[in-house]
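To start, the structure itself, in structure tokens.
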Amino acid sequence: MTAQDIRRKYLEFFKQHGHTVIPSASLVPENDPTVLFTTAGMHPLVPYLLGQTHPGGKRLVNFQKSLRTDDIDEVGDSVHNTFFEMLGNWSLGDYWKDDSIKWSYEFLTGKKWLGLDTAKLAVSVFTGDAAAPRDEESAKIWKSLGIGDQRIAYLGKKDNWWGPPGVTGPCGPDTEMFFWTGTGDGPENFQETHDDPLWVEVWNNVFMEYDKQADGRFLPLKQRNVDTGMGLERMTAVMEGKQTIYDTELFLPILEKIRSLAKKRDERSERIVADHLKAATFIIADGVVPSNKDRGYILRRLIRRAVRYGQFLGIEQEFCTEVAAVVIHHFESVYPELRRHEEKIVDELAREDLKFRKTLTKGLKEFEKMGQIDGKKAFDLFQTYGFPWELTEELAEARGQRVNREQFEQEFEKHQALSRTSSAGRFKGGLADSSMETTRLHTTHHLLLKALQVVLGPDVKQRGSNITAKRLRIDFSYAMKLTDEQKQEMERIVNEKIGEDLPVIRSMMPKLEAERLGAEHEFGQKYPDQVSVYSIGPKGATLQNPQFEKAFSIEFCGGPHVEHTGQIGGKFKITKEEAVAAGIRRIKGIVD
Ligand code: SER
């Protein structure tokens, strides 16, 4: 069974059970600063998990592009990769554990669907803690379907809990499904053997019923949701009977291309190049370009790692675009944006590849000048010129030198600890979390931006924002200090709109359409082709008839927001107004 069969069957199965198919969202989360990339299917759906009405209804199914780079240095073994596809079905306050588990079981084992051998299945459920009880309900449903007691493991938060995506927000216990990929039916007792890598986790059903608060409490969510995630790469490996995800059709054509360009074989390097260039191709298609900051930096790192591991394989010429061509060809039927942005992908990859090759050449010269190479020097070469350990080791060996790997690793760890600290402080913009308090201030922020334009003129643009549960902050282009009258007028307008209890509506539309409507967007932000837009007012506007022309405010935004401005539930007050840079002013405000 091919990956495409799995995607198709998955959508078909859940369509039969009343789900609406929704497209994969962009890898660049819309207006969400808590993560750089979409890391799971739940991410683009957070506003709906919190209770907003989704245009597709209460049952959704999709496959979602996702990227996780936390383990980038582990890529190349048999299980790690950065870009992956996640199949998911969603209940937004609709069905619960019973249907969710039964459907998963039917899809995994039904002859018409994946037809997996039930004797090789095992599941885990949440063992319970102070915040949430032991999930006997899920265990009981699994038993009713024929899963034996021994094949049900009760595990803690580390294994059987998902979310929230940031510090606060929707989360809950999950139940995970595992398939035995060794010989025979696998060990009888799953509790004792669940760590064995031959048990491959194939699906995760999250029962999202809690809303984690900033103070660490878990309160019930407004609605109980189900969020399931099946990693397509792993499932394909299972269905094709392959030992690793890299042996599946989702990677093989890319690896074959790399091998045809390489002068020597090295499995780990080949996999790194394949994974990284596949990820880079998808990332560029979603509008990111290489740079030294945030998303652009991660993209740059992926391309550069690919180039240097390519060099290690003996590929001396620019080659990223050739690999990208295979990725585009192989995935365009599912992700047409790849072909649409082919030119951009080719341009960016070729440029970055060539630029980095020059750095590498300089690094080689530097290497020639170095005497005995120790672990620290090896790390300097890695850090400044991007030399992989293997390259330095090989070059040193050719000179008859041995390099101390432990020392290299120590330097590496020191550096990682440092870069973790700096990246933790990097994302100061946007929403701190998705708590109700922050959400109320987020909607207030939209009202304030419009009020700024009403009072100061339509040329005033947002230049930054930061919203926590306690206060909002907006940076905007304006040259002068505001007068008390201006500030009072802004407060009056915002409070008037809160008092009018206007509907807040989310719509999805092409970027061009949103621009045509004059939707506000932040200067310098990148947006995908299909964007989410929030409009506030007029009274009587609905999802079906949003009446954009009469809206008070309309902005490019991924949410979350309240549904009616009345839910802001208080009086808006400006607490501070100051200059932050030439021509940029900042307002801080609260709702009391
Ligand atoms: N959010 C869960 C996961 O990523 C289920 O989709 O595993």
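As a basis for the values below, the full set of heavy atoms in this structure was taken, side chains included, without hydrogen atoms, waters or symmetry mates. Order of listing sets the numbers, starting from 1, for every ligand and every atom in it. This chain uses plain numbering: 1 for the first residue, then up along the sequence.
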Task: Parallel, tilted or perpendicular: rings of His446 and His442 (30°, 60°) - done: perpendicular

Open item on the list: Does the plane of the ring in Phe190 sit parallel, tilted or perpendicular to the ring in Phe178? Use 30° and 60° as the thresholds.
Closed with: tilted

Open item on the list: On a heavy-atom basis, I'd like to know which of Met42, Met230, Met86, Glu176 is closest to atom 3 (C) of ligand 1.
Closed with: Met86

Task: Asp174 contact mode with ligand 1 (heavy-atom cut-off under 4.0 Å) - done: neither

Open item on the list: With a heavy-atom distance limit of 4.0 Å, tell me whether Arg68 approaches ligand 1 through its side chain, its backbone, both, or neither.
Closed with: side chain

Task: Pair Phe126 + Phe207: ring centers closer than 6.0 Å - done: no

Task: Stepwise salt bridge (charged side-chain N to carboxylate O under 4.0 Å, His left out) test for Asp99 and Lys102 - done: CA-CA 5 Å; Asp99 283 327; Lys102 284 183 180 155; over 6 Å; no

Within the 4.0 Å heavy-atom shell around [X], which atoms of ligand 1 are there?
X	answer
Ala40	4 (O)
Gly229	5 (C), 6 (O)
Thr228	5 (C), 6 (O)
Val206	2 (C), 5 (C)
Asp227	1 (N), 2 (C), 5 (C), 6 (O)

TODO: Using distance alone, with no hydrogens and no angle criterion, decide if Asp286 and Tyr335 have a side-chain donor and acceptor under 3.5 Å apart.
DONE: no

Open item on the list: Can you confirm if the NZ or CZ of Lys9 lies within 45° of the ring axis of Phe107 and under 6.0 Å from the centre of its six-membered ring?
Closed with: no

Open item on the list: Starting from atom 7 (O) of ligand 1, what is the nearest protein heavy atom, named by residue and atom, and what distance separates them?
Closed with: Asn204 ND2, 3.0 Å

TODO: May I ask you to check if ligand 1 and Trp162 share an N or O to N or O distance below 3.5 Å?
DONE: yes

Task: Heavy-atom pair with the smallest gap, counting every atom of Glu270 and Ile258 - done: O-CD1, 3.8 Å

